Amino acid sequence: MLGAVALSANLAAGAAHADQLADIKKKGEIVFGVLGTDEPNSFIEPKTRQLVGYEIDLATAVARKIGVTPRFKQMSVSSRIPELQQGHVDVLAATLTHNKERESQVDFALTHFVTGSKVMVRANSGIGALPQLAGKKVVTVRGGTQETNIRKAVPSAEVVTFENTQQAFQALRQGKGVAYVNDESSLLADYGKLGAAAKGFTILPTSIGTESIALGLRKGEKSLKAVVDATLRELEASGAAEQLFNKWYGPGTRANIAKRQFKISTDKI
């Protein structure tokens, strides 16, 4: 009987401890998993060698709300969810698409960006529509939704994956594929980097999937999700979210998106 009581007490203590937000406050820092290679969401600014970007600013706002120091850990697309589940990071700010398949693995904060997957092709490839990619070599990032999207859209395409978007984009430029798949917003930023060479590439008009991008959290951490969501709602209500969008994606940036077509308001897809 005494052993049963002791066991019950231990289980209760374990359940009470399961509060990641309290642990973050205790250690005085929150660790965000980021890509660091996906401009303008998170990338290394060449002059300062510091991580900057849209998601870096959102993550910093979350840390400020909690009252702790933000720390950023770079990782690959394919390692994002395992790193979170294993406790190596507290939150993912890594261009993570919210979809039904991932809901069994992680929880999602409010959607902070909505985009679609598109395809950039070499202008001399003669390709003007998705079906023409059949049997052609297409490059993209490993483990991202872009890989899944292109395989569904053009099952016979030869998909070649790389560890990050920079490598995939470089592969296109080097002629290692006739097409490159990425989120439209990041694809526009990549296109903006081409300068005079942009005339050699074209972005196909057809979208191959809508991407709702959100911060990722470990399952069941309700207190942490509540404060993350509250931060995002405050940014939206104050107009700061609009300012951040324009800073990283708006007119005059490499992405050069004329107007934000979404609001930060829901964690549903």
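In what follows, every heavy atom counts, from backbone to side chain, and hydrogens, waters and symmetry copies are set aside. Note that this is a predicted model, so its numbers are computed, not measured.
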Supply the atom-to-atom distance [X] [atom1] to [Y] [atom2], rounded to the nearest 0.5 angstrom.
{"X": "K137", "Y": "K176", "atom1": "NZ", "atom2": "NZ", "value": "9.5 Å"}
{"X": "S223", "Y": "L217", "atom1": "OG", "atom2": "CG", "value": "11.5 Å"}
{"X": "D23", "Y": "I30", "atom1": "CG", "atom2": "CD1", "value": "11.5 Å"}
{"X": "S79", "Y": "Q74", "atom1": "OG", "atom2": "CD", "value": "11.0 Å"}
{"X": "R151", "Y": "Q146", "atom1": "CZ", "atom2": "CD", "value": "12.5 Å"}
{"X": "I150", "Y": "L130", "atom1": "CD1", "atom2": "CG", "value": "6.0 Å"}

Passes side-chain contact (heavy atoms from CB on, under 4.5 Å), F201 versus V121? Steps please. CA-CA 6 Å; F201 300 87; V121 299; over 6 Å; no

Verify the cluster assignment for [X] and [Y]: are they in a single hydrophobic cluster under the rule of side-chain heavy atoms below 4.5 Å apart?
{"X": "I208", "Y": "F169", "value": "no"}
{"X": "V77", "Y": "V138", "value": "no"}
{"X": "V62", "Y": "L244", "value": "yes"}
{"X": "V34", "Y": "V31", "value": "no"}
{"X": "L58", "Y": "I44", "value": "yes"}

Please examine the side chains of [Y] and [X], heavy atoms only from C-beta on, and report whether any two atoms are closer than 4.5 Å.
{"X": "D38", "Y": "N41", "value": "yes"}
{"X": "R102", "Y": "F108", "value": "yes"}
{"X": "V141", "Y": "T161", "value": "no"}
{"X": "E55", "Y": "I213", "value": "yes"}
{"X": "I66", "Y": "L224", "value": "yes"}
{"X": "M120", "Y": "N182", "value": "no"}
{"X": "I257", "Y": "S185", "value": "yes"}
{"X": "N164", "Y": "S76", "value": "no"}

Check: [X] side chain, [Y] main-chain N or O, donor-acceptor pair, under 3.5 Å:
{"X": "S78", "Y": "G143", "result": "no"}
{"X": "R80", "Y": "T95", "result": "yes"}
{"X": "E236", "Y": "I264", "result": "yes"}
{"X": "E29", "Y": "T69", "result": "no"}
{"X": "Q132", "Y": "A129", "result": "yes"}
{"X": "S238", "Y": "E234", "result": "yes"}
{"X": "K136", "Y": "E158", "result": "no"}

Nearest heavy-atom pair of [X] and [Y]: which atoms, and what distance?
{"X": "F32", "Y": "A93", "answer": "CD2-CB, 4.3 Å"}
{"X": "L110", "Y": "D229", "answer": "N-OD1, 3.0 Å"}
{"X": "A134", "Y": "V154", "answer": "N-CG1, 3.6 Å"}
{"X": "L172", "Y": "G177", "answer": "CD1-O, 3.6 Å"}
{"X": "F162", "Y": "A171", "answer": "CZ-CB, 3.4 Å"}
{"X": "Q20", "Y": "E221", "answer": "N-OE1, 2.9 Å"}

With a 3.5 Å cut-off and no angle check, do the side chains of [X] and [Y] form a donor-acceptor pair?
{"X": "T115", "Y": "D183", "value": "no"}
{"X": "D190", "Y": "Y180", "value": "yes"}
{"X": "T140", "Y": "E147", "value": "no"}
{"X": "S117", "Y": "E211", "value": "yes"}

Using side-chain contact (heavy atoms from CB on, under 4.5 Å), reason through D267 and T111 one step at a time and then give a plain yes or no. CA-CA 6 Å; D267 60 1; T111 296; 5.9 Å; no

Could you walk me through whether H112 and Y54 pass the side-chain contact (heavy atoms from CB on, under 4.5 Å) test, one step at a time? CA-CA 10 Å; H112 63 252; Y54 179 65; 3.6 Å; yes

K25 NZ: over 12 foreign heavy atoms closer than 6.0 Å: no

Within 6.0 angstrom of K222 NZ, more than 12 heavy atoms from elsewhere: no

Report the residues that fulfil side-chain hydrogen bond (donor to acceptor under 3.5 Å, both in side chains) with S104, sequence neighbours left out, ordered by chain and then residue number. none

Salt-bridge present ([X], [Y]; N to O < 4.0 Å):
{"X": "E242", "Y": "R260", "value": "yes"}
{"X": "K73", "Y": "D90", "value": "no"}
{"X": "K225", "Y": "D107", "value": "no"}

Using the rule given for salt bridge (charged side-chain N to carboxylate O under 4.0 Å, His left out), can you reason through R254 versus E39, listing the C-alpha separation, both sets of side-chain angles and the distance that settles it, and then say yes or no? CA-CA 9 Å; R254 280 176 171 163; E39 187 178 350; 3.0 Å; yes

Using side-chain contact (heavy atoms from CB on, under 4.5 Å), reason through K100 and I269 one step at a time and then give a plain yes or no. CA-CA 8 Å; K100 292 298 183 182; I269 56 169; 4.1 Å; yes

Please, which pairs that meet side-chain hydrogen bond (donor to acceptor under 3.5 Å, both in side chains) have at least one residue in residues 194-210, sequence neighbours excluded? none

Using the benzene-type ring in the case of Trp, are the ring centres of Y249 and F113 under 6.0 Å apart? yes

